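Computed from a predicted model, the values in this text were never measured in an experiment.
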Amino acid sequence: MPAISRDEVAHLAGLARIEMNDAELDRMAGQLDVILGAVAQVREVAGDDVPATSHPMPLVNVTRPDVPRPGLSAEQALAGAPAQQEQRFRVPRILEED
Amino acid sequence: MSELIRRTAAELSGLLSSGEVSAVEVTQAHLDRIAQVDGDVHAFLHVAGEQALAEAAAVDTARKAGEQLGALAGVPIAVKDVMTTQGLPTTAGSKMLEGWIPPYDATVVRRLKEARLVTLGKTNMDEFAMGSSTEHSAYGATHNPWDLDRIPGGSGGGSSAALAAFEAPLATGTDTGGSIRQPASVTGTVGVKPTYGAVSRYGLIALASSLDQAGPCARTVLDTALLHEVMAGHDPLDSTSLTDGYPDVVAAAKAGATEGIAGLKIGVIRELHGGDGGYQAGVMARFDESLALLTKAGAEIVEVSCPSFTAALAAYYLILPSEASSNLAKFDAMRYGLRVGPAGVEAPSAEQVMAATRAAGFGDEVKRRIILGTYALSSGYYDAYYGSAQKVRTLIQRDFAAAFGQADVLVSPTSPTTAFKLGAKLDDPLSMYLQDVATIPANLAGVPGMSLPSGLADEDGLPAGIQLLAPAQADDRLYRVGAALESLLVESWGGPFLAKNTLEAMK
């Protein structure tokens with residue numbers, strides 16, 4: 001039985017907001033199945049007593065004094081926008097139609 | 001060909017400070033070389049000729065005025081296209097960012113500017129640094145200057161090819177699983193992934209934030225050290241930037257070449273040495289020769305075992321896609337980059353626009369890894385995959401700690417093979433991933449690593465590389481041993497390694 005089905009790939013593509021046609025889903029499901037088969041061994045390596053490591057070096061929280069400092073101007077921030085209006089990012093509708 | 005392009009950065013530094021040549025002459029020589037060969041090599045995505053000449057002229061003016069300048073002032077550099085450059089296009093090899101001009105400089109780029117290096121342009125790479133061949137660039141592959149039908153490594157194949165083709169004496173890279181070291185290995189150049197946190201990630205387009213590390217690329221160990229010194233340093237804009245523990249890498253490179261390495265302990269990692277790991281015979285032969293040279297120079301070779309390294313690739317290909325799927329969520333077609341409407345939909349929703357844009361803007365490998373990461377992080381699989389991979393990471397750190405208790409530096413071949421043919425692994429992602437089997441453990445543990453050329457493999461006459469690994473924040477050991485080995489190898493070759501390249505197009 002494959003580790004991942006075509007339907008699962010379709011569901012994941014939806015979650016990741018990537019449109020995929022049937023041919024792409026077929027190919028992706030086959031390739032991901034091979035990759036998952038190869039990485040599945042991680043489940044067998046470490047015992048329950050081994051702690052997880054999320055980060056290679058010790059992390060400390062970083063803060064700075066709460067004083068204003070210059071940032072990007074509105075023009076700079078909007079310079080790469082696909083669409084803009086009244087000094088704001090113009091986006092497609094975010095609500096369902098009535 | 002102008003002799004200037006054959007010079008090392010250290011030599012150019014001397015010529016510039018003595019006034020024998022101007023920065024404009026050096027820059028023009030490299031721009032001429034780019035115009036001559038980059039049609040074949042395709043190392044650059046963008047050449048900033050006018051700006052480079054203006055920067056060079058400003059350095060010449062400053063020098064004439066008696067200003068105190070850094071060692072690399074006026075030396076040209078090629079910048080990997082994953083680093084934001086204010087006013088210059090930055091695409092990370094993706095259609096998603098085609099035409100985007102960043103409004104700010106990455107900290108690394110700012111440091112290059114402050115040291116007055118001259119930016120020649122931006123180098124090609126696998127899309128968002130995902131790949132080992134540059135074939136995943138949306139703008140076409142880069143070609144290896146040793147054989148134009150072969151890959152230059154990846155993701156930083158543009159930077160490595162630019163060095164090997166004498167289009168630039170220095171280049172920047174980023175290394176998430178080997179993207180500096182493997183390209184160096186297959187092009188006969190030098191590259192270093194510093195200790196995690198030594199070079200700021202601010203302004204680098206993130207792939208996997210707990211693994212990404214920028215570093216220097218060059219043709220000699222000393223040049224790599226000179227660039228390392230400019231790039232590294234604390235940056236308050238990166239919360240993972242190290243506050244201390246920056247060893248003097250330039251002094252270490254000079255000491256390695258002159259004082260040698262007698263008494264140093266060098267550990268050969270059993271799990272990354274031949275066997276069934278798919279290591280090419282010629283790569284192993286050159287590796288063993290390097291060990292013999294190190295022994296002759298008075299180093300002690302010991303064998304160390306890192307049993308968890310056999311699971312490193314599997315852990316990496318869960319951790320990386322997980323972090324990448326999250327990092328790449330920002331490409332949502334709203335604030336910058338590509339926006340595409342879904343076909344045949346009137347008044348599409350933001351969600352539909354996102355999905356259509358990401359379908360059009362991302363290449364296959366990027367989509368594969370985003371889906372894989374989304375899977376590994378999803379409820380029901382999280383503990384089995386992502387959680388287990390993080391535990392393997394702990395075991396790999398423990399293996400390194402034990403090995404560094406027995407040896408000062410560790411060694412392995414950098415890449416298991418020499419450069420493969422363009423297209424050979426495109427339909428087999430897993431075999432492409434195996435290129436990084438020896439380089440990935442360092443990223444998972446955060447320790448620094450270097451690749452330098454070890455010679456030509458007998459079976460194909462292509463460059464092989466040797467990897468050195470040191471404990472975190474002991475990057476100087478890489479340079480000390482690397483410079484010592486390099487001087488022994490250059491002596492045995494009777495000249496610099498790239499002089500062995502007989503390809504007519506590169507003359």
Chain B heavy atoms under 4.5 Å from [X]: which part of the residue, side chain, backbone, both or neither?
{"X": "A/Ile18", "value": "both"}
{"X": "A/Ala13", "value": "both"}
{"X": "A/Leu78", "value": "neither"}
{"X": "A/Leu32", "value": "side chain"}
{"X": "A/Val42", "value": "both"}

Would you mind checking which part of [X] comes under 4.5 Å of any heavy atom in chain A, side chain (CB onward), backbone (N, CA, C, O), both or neither?
{"X": "B/Gln86", "result": "side chain"}
{"X": "B/Tyr433", "result": "side chain"}
{"X": "B/Thr195", "result": "side chain"}
{"X": "B/Ala360", "result": "neither"}
{"X": "B/Thr394", "result": "both"}
{"X": "B/Leu237", "result": "side chain"}
{"X": "B/Ala315", "result": "both"}
{"X": "B/Pro429", "result": "side chain"}
{"X": "B/Phe331", "result": "neither"}
{"X": "B/Ile371", "result": "both"}
{"X": "B/Leu211", "result": "neither"}

At a heavy-atom distance under 4.5 Å, which candidate from [options] has the highest pair count against chain B?
{"options": "A/Gln31, A/Met20, A/Arg90", "result": "A/Gln31"}
{"options": "A/Leu72, A/Val45, A/Val39", "result": "A/Val39"}
{"options": "A/Arg43, A/Gln76, A/Glu8", "result": "A/Arg43"}
{"options": "A/Arg27, A/Gln84, A/His11", "result": "A/Arg27"}
{"options": "A/Gly47, A/Ala16, A/Ala52", "result": "A/Ala52"}
{"options": "A/Thr53, A/Val50, A/Ile35", "result": "A/Thr53"}

Any donor-acceptor N or O pair under 3.5 Å, side chains [X], [Y]:
{"X": "B/Tyr196", "Y": "A/His55", "result": "yes"}
{"X": "B/Thr310", "Y": "B/Glu271", "result": "no"}
{"X": "B/Ser200", "Y": "B/Ser241", "result": "no"}
{"X": "A/Glu19", "Y": "B/Gln352", "result": "no"}
{"X": "B/Arg201", "Y": "B/Thr240", "result": "yes"}

Looking only at heavy atoms and a cut-off of under 4.5 Å, which of [options] has the most pairs with chain A?
{"options": "B/Tyr316, B/Tyr385, B/Trp100", "answer": "B/Tyr385"}
{"options": "B/Leu97, B/Ile396, B/Asp364, B/Val447", "answer": "B/Asp364"}
{"options": "B/Ser308, B/Ser349, B/Gly446, B/Ser239", "answer": "B/Ser349"}
{"options": "B/Gly361, B/Pro348, B/Gly341, B/Ala389", "answer": "B/Pro348"}
{"options": "B/Met334, B/Met354, B/Arg335", "answer": "B/Arg335"}
{"options": "B/Ser388, B/Ala355, B/Ser378", "answer": "B/Ala355"}

Could you go step by step and tell me if B/Asn327 and B/Phe128 meet the side-chain contact (heavy atoms from CB on, under 4.5 Å) rule? CA-CA 10 Å; B/Asn327 274 329; B/Phe128 292 116; over 6 Å; no

Any ion pair linking A/Arg17 and B/Asp332 (charged N to carboxylate O, less than 4.0 Å)? no

Are A/Glu24 and B/Lys367 close enough for a salt bridge, meaning some N to O gap below 4.0 Å? yes

For the ring pair B/Tyr381 and B/Tyr386, is the centre-to-centre distance below 6.0 Å? no

Starting at CZ of A/Arg93, measure out to CG of A/Leu95 and round the result to the nearest 0.5 Å. 8.5 Å

With rounding to the nearest 0.5 Å, note down the distance linking CD1 in B/Ile101 to OG1 in B/Thr84. 12.0 Å

Show the numbers, then the answer: is there a side-chain contact (heavy atoms from CB on, under 4.5 Å) between B/Glu127 and B/Lys95? CA-CA 9 Å; B/Glu127 183 176 7; B/Lys95 287 283 178 211; 5.9 Å; no

Please verify the inter-ring angle class for B/Phe309 with B/Phe400; under 30° counts as parallel, over 60° as perpendicular, anything in between as tilted. tilted

Assign the ring pair B/Tyr104 / B/Tyr202 to parallel, tilted or perpendicular, where the plane angle (0 to 90°) is split at 30° and 60°. tilted

Side chain to side chain donor-acceptor pair (under 3.5 Å) evaluation trace for B/Thr90 with B/Thr85: CA-CA 7 Å; B/Thr90 301; B/Thr85 41; 3.2 Å; yes

I'd like to know whether B/Gln397 forms a side-chain contact (heavy atoms from CB on, under 4.5 Å) with B/Leu444, so could you lay out the CA-CA distance, the side-chain angles of the two residues, the decisive distance to 0.1 Å, and finally the verdict. CA-CA 8 Å; B/Gln397 285 193 326; B/Leu444 290 169; over 6 Å; no

